[in-house]
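Heads up: the structure comes next, in structure tokens.
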Amino acid sequence: MKEFKRYMITAALPYANGPIHIGHLAGVYIPADIYVRYLRMRGTDVKFVCGSDEHGVPITIKARNENVLPQVIVDRYHEIIKKSFTDFGIHFDKYSRTTSKVHFKMASDIFTTINDKNGFVEKESEQYYDENANQYLADRYITGTCPHCGNEKAYGDQCEKCGTTLNALDLINPQSVLSGSKPVLRKTKHWYLPLEKHEKWLRDWIVGDHKEWKVNVAGQCKSWLDMGLQPRAVSRDLDWGIPVPLKDADGKVLYVWFDAPIGYISATKELAQEQGFDWELYWKNDDTRLIHFIGKDNIVFHCIVFPAMLKAEGSYILPDNVPANEFLNLEGDKISTSRNWAVWLHEYLLDFKDKQDVLRYTLTANAPETKDNDFTWKDFQDRNNNELVAILGNFVNRTLVLTQKYYEGVVPIPLDFKDYDIQSLKEIDALKKSIEESISLFRFREALKLAMDMARVGNKYLADMEPWKLIKTDAERVKTIMYVALQITANLAIVFNPFLPFTAARLRNFLNMDDQNWDAIGGFANGKVNELIKAGHKINEPVLLFDKIEDDAIELQKQKLAESKKMNAAVSSVQLQRENVSYDDFSKMDIRVGKILEAEKLAKTKKLMKLTIDTGIDKRTVVSGIAEYFEPAQIIGKQVCILINLEPREIKGITSQGMILMAENAEGVLTFVQPDKEFMNGAVVK
RNA sequence: GGCGAGGUAGCUCAGCUGGUUAGAGCGCAUGAUUCAUAAUCAUGAGGUCGGGAGUUCAAGUCUCCCUCUCGCUACCA
């Protein structure tokens with residue numbers, strides 16, 4: 001593998017419309033932090049940056065809802081996020097934000113350079129415009145009736161009721177969120193990044209040059225490349241964001257996805273200005289290894305879109321690896337900000353004071369590295385009580401307590417080392433090597449387990465040597481044993497530093513030991529024992545490294561979650577009544593009783609069923625999205641209610657003439673609305 | 001429906017280019033031990049590797065079909 005002179009590490013920019021939760025931590029920030037701490041301990045030249053992603057429509061919506069300026073929203077969450085990272089020990093060199101001046105200039109410059117090189121294409125399209133508010137409407141600023149489920153509060157990009165992704169032009173009765181008026185279509189011009197032009201080198205680069213990428217990452221990229229890349233708009237009609245730096249671009253800003261990843265570069269530049277180094281060395285030099293830590297939702301951006309931007313600009317290096325993680329679930333359910341189904345970092349830090357490392361440990365040991373994983377409070381408690389307390393904490397404690405008891409805290413002078421002493425110390429070296437390997441492959445879960453094995457070596461050593469027995473018969477030998485146990489303890493103080501920085505620091509404090517770099521780790525090499533703490537060295541009185549977590553603390557957290565669940569159920573189970581309609585409107589609908597004569601599932605679709613209905617008037621074809629809940633055989637012969645005077649519509653090449661009436665519950669389960677006994681086909685429903 | 005990832009011991013996961021009786025941690029059982037936050041150490045039980053077919057001397061590991069979970073995508077009058 002190529003030797004690099006320096007590392008540029010980025011962690012996905014959190015979006016500044018909500019706080020950080022355990023999913024973010026497990027997927028992105030903890031692995032990135034471990035990696036960077038490790039590199040630093042090896043004396044590697046590394047910069048680690050992140051920042052708040054502060055543009056985009058959702059922030060302007062939140063601001064509107066609270067009747068404040070977008071800046072107020074981003075200021076609020078920027079502070080919360082930044083503080084919680086600091087308190088949690090995620091140690092960025094720079095945590096910036098995309099509303100900074102440096103970033104505005106950086107994003108504008110990059111846009112300009114790409115534009116000067118004809119890296120964009122311009123296209124006109126039709127978009128909804130609010131004539132009262134005098135502005136174009138982002139998809140989120142348009143509500144209307146979902147053409148699928150009839151929800152009247154569907155947004156222009158998706159319907160939250162049925163989860164469907166929508167196009168604003170599909171909405172029935174579109175309405176501007178800004179003024180309530182009916183928007184009109186107007187032409188607007190935007191700049192697009194023609195990703196399809198980058199397809200070839202992207203494929204060579206990802207599929208050819210980077211076979212070492214994680215399978216989930218490579219697979220996702222290949223899937224996109226195979227589908228064929230499309231031009232992607234880099235600008236939007238919005239008043240919150242970085243203005244498009246061109247003359248004829250009034251009211252247009254850079255699309256948030258375009259400016260956000262540039263935030264990594266801006267943050268580096270700001271750091272460079274503070275510390276006085278050349279930022280371009282970290283972004284434009286082939287000897288730099290660029291690594292993006294992200295979650296799986298960001299794979300396409302960081303592996304395809306952002307590299308295409310950088311390539312189009314021309315002077316930047318591309319990421320060497322993008323170790324994306326999968327998602328973390330919480331107690332069996334997807335983490336969700338809007339449903340408040342999450343463990344929020346800032347709340348955890350209050351509820352579990354000084355227990356940063358317990359969460360770091362749990363989330364690393366159970367990190368979603370290869371597939372989605374589940375966080376449970378029971379697991380959190382078990383890992384603390386059975387692993388941190390029982391294995392690591394206990395070994396350290398018994399060693400230090402014995403040292404106090406036998407030698408008043410002074411590291412004893414060893415005599416002859418026996419084979420078993422040396423063998424145990426050599427295991428430290430073997431583990432160190434394995435840990436290095438695991439970390440280099442971004443397998444932090446495995447690395448952490450190996451670090452715990454080091455503590456296990458210590459426990460086993462003490463159990464086998466039984467110094468508490470020997471002290472009565474061979475006090476001289478015990479000195480050597482305790483000396484060895486203390487060296488193992490000192491190794492733990494270093495090896496855990498990337499994973500559990502708070503604990504490692506406390507341990508070094510107990511041992512009265514200076515910070516050490518990674519290479520200091522060792523047991524036995526070149527025919528001699530590696531002496532991390534010298535004989536005669538005085539150590540401090542120990543305190544327990546970890547406390548047991550009792551059931552009531554866990555119960556409290558579970559109750560918190562149960563509350564969220566209750567609230568959600570209460571809110572979402574029954575839809576509110578819709579606005580009144582006139583009798584005239586109602587009577588326009590011609591609903592009849594009909595009978596299903598034939599039914600067949602449409603090939604190549606998941607939900608669609610082609611039905612032939614006897615309406616009493618005629619036999620007609622209706623395409624209906626019910627295939628997920630019914631088998632053709634079980635519905636043939638059923639009587640149903642059917643709206644027969646609905647505009648016919650072509651679906652998958654078949655003309656659908658009408659709509660079957662269905663009832664749908666909160667989970668989206670469907671059932672037929674039908675007469676309670678066999679009735680005449682064609683009978684009017686009113 | 002298409003594509004991607006995953007389905008391995010009660011739980012959480014390793015198993016690289018196919019090769020002797022399928023591994024680890026936690027949990028469980030038994031024993032040892034008491035320096036230690038009843039922590040530790042040893043031993044053991046427990047798996048037809050989602051199901052089926054095939055290739056091969058040999059398959060968890062390759063091919064095909066089916067099935068379930070997660071994600072992206074199409075579709076939903």
Side-chain angles (χ1 to χ4, degrees), chain A residues 146-150 159 162-166 170 172 214-227 296-297 299-300 326-327 329 334 362 365-376 378-379 382-383 385-391 393-406 438 441 443 445-446 448-450 452-453 455-456 458-471 478 482 485 542 544-548 601-609 622-628 643 646-652 656-660 662 668 670:
Chain A
C146 171
H148 170 227
C149 68
C159 170
C162 62
T164 313
T165 312
L166 300 171
D170 294 340
I172 301 161
K214 290 173 63 170
V215 284
N216 58 337
V217 177
Q220 172 96 190
C221 292
K222 197 169 168 303
S223 163
W224 268 67
L225 290 168
D226 289 347
M227 273 194 291
K296 70 170 164 186
D297 51 334
I299 289 174
V300 172
E326 300 287 299
F327 283 159
N329 292 327
K334 234 173 276 193
T362 307
N366 191 27
E369 288 179 0
T370 52
K371 62 174 186 188
D372 291 359
N373 273 156
D374 197 27
F375 174 93
T376 63
K378 172 83 166 66
D379 183 58
D382 285 347
R383 291 208 185 261
N385 293 355
N386 302 333
E387 297 177 32
L388 289 177
V389 170
I391 296 170
N394 183 42
F395 169 67
V396 168
N397 189 239
R398 61 203 299 213
T399 303
L400 299 187
V401 166
L402 284 178
T403 305
Q404 291 298 339
K405 201 161 161 184
Y406 297 158
S438 297
L441 294 170
R443 296 183 179 177
R445 196 171 53 194
E446 186 176 74
L448 180 58
K449 194 230 152 209
L450 289 165
M452 283 304 273
D453 284 347
R456 288 193 172 91
N459 274 322
K460 183 164 163 46
Y461 180 76
L462 284 184
D464 290 344
M465 294 296 102
E466 298 183 305
W468 48 89
K469 272 189 186 168
L470 268 183
I471 193 79
V478 172
M482 290 314 300
L544 294 177
L545 275 182
F546 302 99
D547 295 314
K548 284 214 155 188
K601 203 170 174 301
L602 267 187
K604 302 198 172 195
T605 67
K606 196 186 325 191
K607 296 185 182 175
L608 299 186
M609 189 111 74
V622 173
V623 176
S624 185
I626 60 174
E628 277 188 304
L643 178 60
L646 188 68
E647 283 296 332
R649 169 136 172 185
E650 183 119 334
I651 300 164
K652 284 271 156 188
S656 179
Q657 303 167 288
M659 179 164 140
I660 308 289
M662 306 292 298
L670 299 173

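With contacts defined as side-chain heavy-atom distances shorter than 4.5 Å, the pair A:Ile471/A:Tyr406 qualifies. Between A:Arg398 and A:Leu462 there is a side-chain heavy-atom pair separated by less than 4.5 Å. Between A:Pro542 and A:Gln404 the shortest side-chain heavy-atom distance falls below 4.5 Å.
The OG1 atom of A:Thr362 lies 9.5 Å from the CG atom of A:Leu448; values are rounded to the nearest 0.5 Å.
Residue A:Asn329 contributes atom CG, which lies 16 Å from atom P of B:C11 at whole-angstrom precision. Counting to the nearest Å, the C1' atom of B:G6 and the CG atom of A:Asn216 are 10 Å from each other. Across the protein-nucleic acid pair, A:Leu450 atom CG and B:A24 atom P stand 14 Å apart, rounded to whole Å. Going from atom CD of A:Glu387 over to atom P of B:U12 covers 14 Å, rounded to whole Å. Atom pair A:Trp224:CH2 and B:U73:P shows a separation of 7 Å (rounding to whole Å applied). Summarising the geometry, the separation between CG on A:Asp226 and C1' on B:U73 is reported as 13 Å, rounded to the nearest angstrom. The CE-C1' distance, from A:Met452 to B:U12, rounds to 15 Å in whole Å. Rounding to whole angstrom units, CG of residue A:Asp453 and P of B:A24 are separated by 12 Å.
B:U17 and B:C62 have their P atoms separated by 8 Å, given to the nearest Å. B:G51 and B:A45: their C1' atoms are spaced 27 Å apart (whole Å). The gap from the C1' atom of B:A36 to that of B:C28 amounts to 24 Å, rounded to the nearest Å. Taking atom C1' in both B:C76 and B:A59, the straight-line distance is 43 Å, to the nearest Å. Nucleotides B:A9 and B:G23, compared at atom P, are 14 Å apart to the nearest Å. Comparing the same atom, P, in B:A5 and in B:U37 gives a spacing of 50 Å after rounding to whole Å. When the C1' atom is compared between B:A74 and B:G52, the two are found 30 Å apart, to the nearest whole Å. B:G4 and B:A42 have their P atoms separated by 45 Å, with the value rounded to a whole Å.
A:Glu446 is linked by a side chain to side chain contact (heavy atoms under 4.5 Å, CB included) to A:Ser438, A:Arg443, A:Leu450, counting only residues two or more places apart in sequence or in another chain. With sequence neighbours excluded, no residue forms a salt bridge (Lys or Arg N to Asp or Glu O under 4.0 Å) with A:Asp374. With sequence neighbours excluded, the residues satisfying side-chain hydrogen bond (donor to acceptor under 3.5 Å, both in side chains) with A:Lys296 are A:Glu326, A:Asp372. Among residues two or more places apart in sequence or in another chain, the side chain to side chain contact (heavy atoms under 4.5 Å, CB included) test is passed with A:Lys371 by A:Asn373. Contacts of A:Asp379 classified as side-chain hydrogen bond (donor to acceptor under 3.5 Å, both in side chains), with partners at least two apart in sequence or in another chain: A:Arg383. Here A:Phe327 pairs with nothing under the ring pair (Phe, Tyr, Trp, His ring centres under 6.0 Å) rule; sequence neighbours left out. Partners of A:Lys405 by side chain to side chain contact (heavy atoms under 4.5 Å, CB included), not counting sequence neighbours: none found. Listed by chain and number, the residues in a salt bridge (Lys or Arg N to Asp or Glu O under 4.0 Å) with A:Lys460 are A:Asp464 (sequence neighbours excluded). Partners of A:Asn386 under the side chain to side chain contact (heavy atoms under 4.5 Å, CB included) rule, at least two apart in sequence or in another chain, are A:Asp382.
Mapping A:Asp382 and A:Glu446 onto RNA chain B by nearest heavy atom places A:Glu446 at the nucleotide closer to the 5' end. Ranked by how close their nearest RNA chain B nucleotide is to the 5' end, A:Arg456 and A:Phe327 are led by A:Arg456.
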* To do: Go through A:Met465 and A:Leu470 one step at a time and tell me if the side-chain contact (heavy atoms from CB on, under 4.5 Å) criterion holds.
  => CA-CA 8 Å; A:Met465 294 296 102; A:Leu470 268 183; 5.7 Å; no
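Of the candidate nucleotides B:C41, B:C26, B:A39, B:A39 has the atom nearest to the side chain of A:Ala390. Comparing B:G4, B:G6, B:G15 by their nearest atom to the side chain of A:Ser223 picks out B:G4. For A:Asp372, the listed nucleotide lying nearest its side chain is B:C70; candidates were B:A5, B:C70, B:C26.
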Which protein N or O atoms sit under 3.5 Å from an N or O of nucleotides 31-38 of chain B?
from: B:C35; atom 1: O2; to: A:Arg398; atom 2: NE; distance (Å): 3.2
from: B:C35; atom 1: N3; to: A:Arg398; atom 2: NE; distance (Å): 3.2
from: B:C35; atom 1: N3; to: A:Arg398; atom 2: NH2; distance (Å): 2.5
from: B:C35; atom 1: N4; to: A:Arg398; atom 2: NH2; distance (Å): 2.8
from: B:A36; atom 1: O3'; to: A:Asn397; atom 2: OD1; distance (Å): 3.3
from: B:A36; atom 1: O2'; to: A:Asn394; atom 2: OD1; distance (Å): 2.9
from: B:A36; atom 1: O2'; to: A:Asn397; atom 2: OD1; distance (Å): 3.3
from: B:A36; atom 1: N1; to: A:Arg398; atom 2: NH2; distance (Å): 3.4
from: B:A36; atom 1: N3; to: A:Asn394; atom 2: OD1; distance (Å): 3.3
from: B:A36; atom 1: N3; to: A:Asn394; atom 2: ND2; distance (Å): 3.3
from: B:A36; atom 1: N3; to: A:Arg398; atom 2: NE; distance (Å): 3.2
from: B:U37; atom 1: N3; to: A:Phe546; atom 2: O; distance (Å): 2.6
from: B:U37; atom 1: O4; to: A:Phe546; atom 2: N; distance (Å): 3.3
from: B:U37; atom 1: O4; to: A:Phe546; atom 2: O; distance (Å): 2.6

Got a list of protein N/O to nucleotides 62-69 of chain B N/O distances below 3.5 Å?
none

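Counting any heavy atom pair closer than 4.0 Å across all strands shown, A:Val300 reaches no nucleic acid atom. Contact annotation for A:Leu400: no contact, since no heavy-atom pair falls under 4.0 Å across all strands. A:Val622 comes within contact range of no nucleotide atom at all, as no heavy-atom separation falls under 4.0 Å.
Note on A:Lys460: a side-chain N or O is less than 4.0 Å away from OP1 or OP2 of B:A42. Regarding contacts with the backbone of B:G6, every side-chain N or O of A:Thr370 stays at 4.0 angstrom or more from both OP1 and OP2.
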* Structure fact -> Note, RNA chain B 5' to 3' with Watson-Crick or G-U pairs under 3.5 Å encoded as ( ), [ ], | and . gives (((((((..((((.....[...)))).(((((.......))))).....(((((..]....))))))))))))....
